Number of protein chains: 2
Amino acid sequence: MTSQTETSSTELAQGMRRSVMRLARRLRQMHEESLGLTQNQLSLLGLLTGSGPRSVGELAELEKVQPPAITRTVKALEQLGLVQRSADPDDGRRAVVEVTPRGREIVLADRRRRDLWLVERLGELTPAERELLGRASVLLQRLADS
Amino acid sequence: MTSQTETSSTELAQGMRRSVMRLARRLRQMHEESLGLTQNQLSLLGLLTGSGPRSVGELAELEKVQPPAITRTVKALEQLGLVQRSADPDDGRRAVVEVTPRGREIVLADRRRRDLWLVERLGELTPAERELLGRASVLLQRLADS
DNA sequence: GTTAATGGTTAACATGGTTATCGATGACGA
DNA sequence: TCGTCATCGATAACCATGTTAACCATTAAC
């Protein structure tokens with residue numbers, strides 16, 4: 001019993017890795033050519049849009065990257081007028097970054113555009129299949145966060 | 001009706017994008033620290049292991065990258081003794097690349113290691129949930145390939 | 001057989017990650 | 001209160017990996 005469960009879990013894992021990695025790659029490609037912003041810049045902008053103002057250190061941790069990488073990206077976004085950097089009033093060392101209205105606008109537009117391809121693909125499925133994916137999506141999220 | 005279907009498809013797409021991208025990221029991190037090989041090198045090696053000998057141009061197309069990038073990665077893998085490059089006997093311009101036994105070994109070991117984390121996570125789910133993911137995985141694959 | 005097309009490499013450059021170092025600010029014990 | 005230490009962020013120098021442009025060798029075509 002154990003060995004059979006193990007075997008099928010391995011096979012399931014292989015299948016899932018393949019399909020998830022592949023779909024992710026596809027989704028990533030969908031917003032490559034986006035408004036002149038790089039992948040990184042969009043990712044950071046999206047993060048800020050979702051979470052509100054953040055310090056450089058927090059952003060680094062959330063993006064799983066070292067602080068200098070964030071500094072560079074923030075600098076680029078700042079020059080484009082998409083984020084704004086200000087000193088933390090309580091702690092002069094911290095630099096707080098927040099998205100500007102224009103930045104937020106771009107993120108939302110990009111998200112719509114990115115989803116378009118997937119929405120179309122999903123439209124080709126049966127309602128039952130979509131329902132299945134909806135339930136699976138919750139599980140995937142749980143796996144990713146665990 | 002249409003508008004309701006459309007709305008839920010949009011929501012489904014958003015949820016799926018989030019969960020798929022996140023899980024993919026997590027899976028990718030799992031084999032970062034792998035034997036001194038970079039992400040790229042492992043990816044190319046995996047491709048070659050799965051598909052047999054390929055020309056540089058084919059590899060570039062499969063990896064969605066320009067030929068010079070392949071040339072560089074192949075050169076590195078060749079120096080490590082993980083791939084072998086030879087001239088196509090029918091067309092002296094083409095360079096055919098194939099994985100060596102040692103390269104193949106590394107790919108398989110890496111795959112096992114990468115799957116380990118996911119297998120463990122899947123083990124925490126109920127059988128019904130695993131079954132659901134198995135069916136969803138097939139759909140994801142189809143979406144990615146369409 | 002000369003010319004054009006094709007496959008791959010090389011060179012020069014851009015982007016984005018890293019570590020090491022430093023300046024400025026905040027925290028804390030003598 | 002002051003001197004020391006820790007922490008945050010920025011800068012510099014380096015590496016990995018993508019790009020385009022130019023070039024070489026080989027094949028194809030007239």
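Here is the naming used below: chain letters follow the sequence lines, and residue numbers restart at 1 for every chain. A quick note: this is a predicted structure, and the numbers were derived from the prediction, not measured.
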How close or far is atom P of D:dG18 from atom CD of B:Q41, stated in whole angstroms? 10 Å
Could you give the CD-to-C1' distance, from A:Q39 to D:dG18, as a whole number of Å? 14 Å
Just to confirm, is there a sub-4.0 Å distance from OP1 or OP2 of D:dA10 to any side-chain nitrogen or oxygen of A:R85? yes
As an exercise, state the distance from CG of B:L133 to CG of A:L140, rounded to the nearest 0.5 Å. 6.0 Å
Are A:L47 and A:L77 co-members of a hydrophobic cluster defined by side-chain heavy atoms under 4.5 Å apart? yes
Is the phosphate of C:dG16, meaning OP1 or OP2, less than 4.0 Å from a side-chain N or O of A:T73? no
Where the side chain of A:S55 meets the backbone of A:A95, is there a donor-acceptor pair that is under 3.5 Å apart? no
Under 3.5 Å, is there an N or O donor on one side and an acceptor on the other linking the side chain of A:R93 and the base of C:dG26? no
Whole angstrom is fine here: how far is it from CZ in A:R54 over to P in D:dG9? 13 Å
Output the rounded distance in Å from NZ (B:K64) to P (D:dG18). 14 Å
At 4.0 Å (heavy atoms only), tell me whether B:R94 reaches a base, stays on the sugar-phosphate, or touches nothing. sugar-phosphate
Could you state the atom-to-atom distance from CG of A:N40 to P of C:dT18 in whole Å? 10 Å
Measure across A:R26 and B:L143 and return the closest heavy-atom pair with its distance rounded to 0.1 Å. NH1-O, 4.4 Å
Can a salt bridge be assigned to the pair A:R130 and A:E124 using a cut-off of 4.0 Å between side-chain N and carboxylate O? no
Could you tell me the separation between the CG atom of B:L42 and the C1' atom of D:dT17, rounded to a whole number of Å? 15 Å
Is there a salt bridge (charged side-chain N to carboxylate O under 4.0 Å, His left out) between A:E98 and A:R104 once you walk through the steps? CA-CA 10 Å; A:E98 80 187 293; A:R104 187 180 306 270; over 6 Å; no
Is any side-chain N or O of B:K75 closer than 4.0 Å to OP1 or OP2 of C:dG8? no
B:R93 bridged to B:D88 by N-O distance under 4.0 Å: no
Closest of C:dG16, C:dG8, D:dT20 to the B:Q66 side chain is D:dT20
Give a yes or no on whether a salt bridge exists between B:E129 and A:R142, defined as a side-chain N under 4.0 angstrom from a carboxylate O. yes
Any side-chain N or O of A:R72 less than 4.0 Å from the OP1 or OP2 oxygen of C:dA14? no
When rounded to whole Å, the CG to P distance for the pair A:D91 and D:dT7 reads 12 Å
Taking C:dG8, D:dG9, C:dT18 as options, the one with an atom nearest any side-chain atom of A:V65 is C:dT18
Closest-nucleotide mapping onto DNA chain C: is B:A95 or A:D90 further toward the 5' terminus? I mean the 5' end. B:A95
So, does B:T71 get its side chain near the phosphate of C:dT9, meaning an N or O under 4.0 Å from OP1 or OP2? yes
End-to-end axis angle, where each axis spans five pairs of the helix from C:dG1-D:dC30 to C:dA30-D:dT1, to 10°: 10°
Gap between atoms CG and P, on B:D88 and D:dA25 respectively (whole Å): 19 Å
Just to confirm, is there a sub-4.0 Å distance from OP1 or OP2 of C:dG16 to any side-chain nitrogen or oxygen of A:T38? yes
For B:V96 and A:G92, take the nucleotide of DNA chain C holding the closest heavy atom to each; which residue's nucleotide lies nearer the 5' end? B:V96
